[in-house]
Amino acid sequence: MRAVAYQSPQPISSASALVDVDLPVPVATGQDLLVEVRAVSVNPVDTKIRKSVAPAEGEWKVLGWDAAGVVVATGPDVAAFKPGDEVYYAGAIHRPGTNAQFHLVDERIVGRKPKSLDFKAAAALPLTAITAWEMLFDRLDVAKPVPGAARAIVIIGGAGGVGSIAIQLARALTDLTVIATASRPETQAWVRELGAHHVIDHRSPIAPQVAELGLGAPSYVFSTTNTDDHMADSIDLLAPQGRFGLIDDPKELNALPLKRKSLSLHWELMFTRSLFETADLARQHELLTRVAELVDAGQLRTTLAEDYGTISAATLKRAHALIESGKAKGKIVLSGF
């Protein structure tokens with residue numbers, strides 16, 4: 001099968017950063033589905049792994065976690081899917097990735113593709129939707145009010161892939177006032193289109209801009225990027241007993257300033273459940289099913305912003321370069337080989 005992979009971590013400008021290869025078609029066992037990949041999307045985690053993780057000597061590492069495709073075979077223990085089913089999902093970080101014609105994935109982290117979306121539009125959603133859903137409802141527990149605080153959430157990096165779906169989920173499923181950050185006219189317009197009630201510029205201090213809105217101190221902050229730059233501001237703007245969540249990897253994280261306000265700290269990694277095969281692993285199947293229902297009901301939209309054409313080393317290198325520039329909005333999608 002055709003795939004895109006690498007053998008040693010390289011900057012994206014290197015000719016060998018990502019290359020086109022031929023690999024054996026994997027075989028489904030246990031609860032695995034063998035999926036013919038029709039479309040993928042690219043996430044910041046792809047670039048982080050490419051720059052830092054080397055496969056065993058002589059082996060190829062295939063990146064990619066988001067995918068939409070068609071089930072072509074199932075392991076003997078599969079219960080929920082059959083060949084011919086159209087699916088979408090974000091795979092497991094410790095297994096080969098989706099940048100290949102065929103891919104193995106545990107059925108417990110797979111959802112049926114939204115009927116109203118094509119494969120490209122569907123592939124934009126899984127990883128970011130899982131991340132945003134788990135942060136909002138499992139980590140920050142936004143259904144549980146913070147006493148005396150404004151029913152508001154600040155989403156830092158609102159135009160990114162996770163921010164783009166987090167805004168929509170918060171609007172569709174909660175009563176929260178959504179304050180999103182974006183710094184350029186095009187990204188500010190994007191987050192408004194997605195439903196943000198207020199948009200502020202993260203190039204300037206965030207806390208004073210939030211105060212100027214006159215809403216009161218927000219209950220929650222969801223930091224999707226550049227937490228190093230915004231954590232002090234977030235602590236300042238949050239209500240006492242508020243909740244702070246992040247998904248990026250700050251160089252340092254000093255939690256002591258949280259103490260005075262009794263703020264709680266929540267870290268989200270959507271790969272945790274699959275990596276440790278947690279007892280609630282199938283929750284990801286359930287939430288992807290719910291997301292598909294919301295899409296088909298017109299309450300959520302795809303976050304596809306860029307279509308880079310077919311899946312190849314050249315197009316994936318272009319996608320990685322845009323993500324590393326920090327100027328991407330929404331999701332970059334590729335389809336076919």
Side-chain angles (χ1 to χ4, degrees), residues 1-26 35-55 59-70 72 86-91 93 95-105 113 117-129 131 159-162 164-165 186-187 190 225 301-337:
M1 67 176 180
R2 297 177 65 181
V4 178
Y6 70 93
Q7 289 189 310
S8 63
Q10 301 284 340
I12 200 59
S13 57
S14 170
S16 58
L18 294 169
V19 297
D20 296 305
V21 297
D22 285 309
L23 298 173
V25 176
V35 176
E36 181 186 0
V37 175
R38 299 288 182 86
V40 301
S41 68
V42 185
N43 295 280
V45 65
D46 299 46
T47 69
K48 293 174 185 177
I49 297 294
R50 191 206 77 245
K51 291 187 289 187
S52 62
V53 179
E59 294 187 4
W60 292 98
K61 186 165 185 64
V62 179
L63 297 171
W65 286 276
D66 273 330
V70 178
V72 295
E86 296 183 350
V87 296
Y88 77 137
Y89 60 90
I93 199 167
R95 302 186 69 179
T98 58
N99 294 335
Q101 285 181 294
F102 297 94
H103 182 251
L104 289 178
V105 61
K113 181 180 74 66
L117 298 183
D118 63 17
F119 288 103
K120 289 188 290 187
L125 290 172
L127 186 146
T128 53
T131 300
V162 173
S164 294
I165 193 67
E186 61 268 32
T187 53
W190 172 262
T225 186
R301 56 176 264 195
T302 181
T303 53
L304 191 164
E306 300 277 357
D307 182 350
Y308 274 20
T310 57
I311 303 165
S312 70
T315 52
L316 280 166
K317 287 178 72 173
R318 182 177 165 222
H320 279 230
L322 179 60
I323 287 175
E324 290 180 3
S325 76
K327 295 180 179 179
K329 74 174 185 182
K331 294 298 294 293
I332 305 165
V333 173
L334 307 95
S335 61
F337 283 85

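Residue indices begin at 1 and follow the sequence shown.
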Practice task
Verify salt bridge (Lys or Arg N to Asp or Glu O under 4.0 Å) between E306 and R318, making sure each step is shown before the conclusion.
Solution key: CA-CA 11 Å; E306 300 277 357; R318 182 177 165 222; 5.4 Å; no
From [atom1] ([X]) to [atom2] ([Y]), nearest 0.5 Å:
X	Y	atom1	atom2	answer
I12	R50	CD1	CZ	4.0 Å
D22	R2	CG	CZ	8.0 Å
L334	N99	CG	CG	8.0 Å
K48	I93	NZ	CD1	9.5 Å
L316	D46	CG	CG	8.0 Å
M1	F102	CE	CZ	8.5 Å

Minimum-distance pair of heavy atoms, taken over all atoms of [X] and [Y]:
X	Y	result
W190	G330	CZ2-CA, 3.8 Å
A3	A100	CB-CB, 3.8 Å
S41	V333	CB-CG2, 3.9 Å
A67	P126	O-CG, 4.2 Å
R95	W65	O-NE1, 4.4 Å
L125	R301	CD2-O, 4.1 Å

Problem - Side-chain heavy atoms of Y89 within contact of V35, under 4.5 Å - result: yes
N/O donor-acceptor pair under 3.5 Å between [X] side chain and [Y] backbone:
X	Y	result
H103	P96	yes
T98	D66	yes
D20	A313	yes
K317	S14	yes
T315	T310	yes

Practice task
Tell me, with the steps shown, if K113 and V87 meet side-chain contact (heavy atoms from CB on, under 4.5 Å).
Solution key: CA-CA 4 Å; K113 181 180 74 66; V87 296; 5.7 Å; no
Fill in the blank from the handout: Per side chain to side chain contact (heavy atoms under 4.5 Å, CB included), L63 is matched among I49, V4, V53, V42 by I49
Exercise for the section: Let me know which of T302, N43, D307 forms a side chain to side chain donor-acceptor pair (under 3.5 Å) with K331. Expected result: N43
Exercise for the section: May I ask you to check whether over 12 heavy atoms, not counting those of K120, lie within 6.0 Å of atom NZ? Expected result: no
Fill in the blank from the handout: Contacts of K327 meeting salt bridge (charged side-chain N to carboxylate O under 4.0 Å, His left out) (sequence neighbours excluded), chain-then-number -> none
Practice task
With side-chain contact (heavy atoms from CB on, under 4.5 Å) as the test, would you mind laying out the steps for L127 and V45 before giving the verdict?
Solution key: CA-CA 10 Å; L127 186 146; V45 65; 4.2 Å; yes
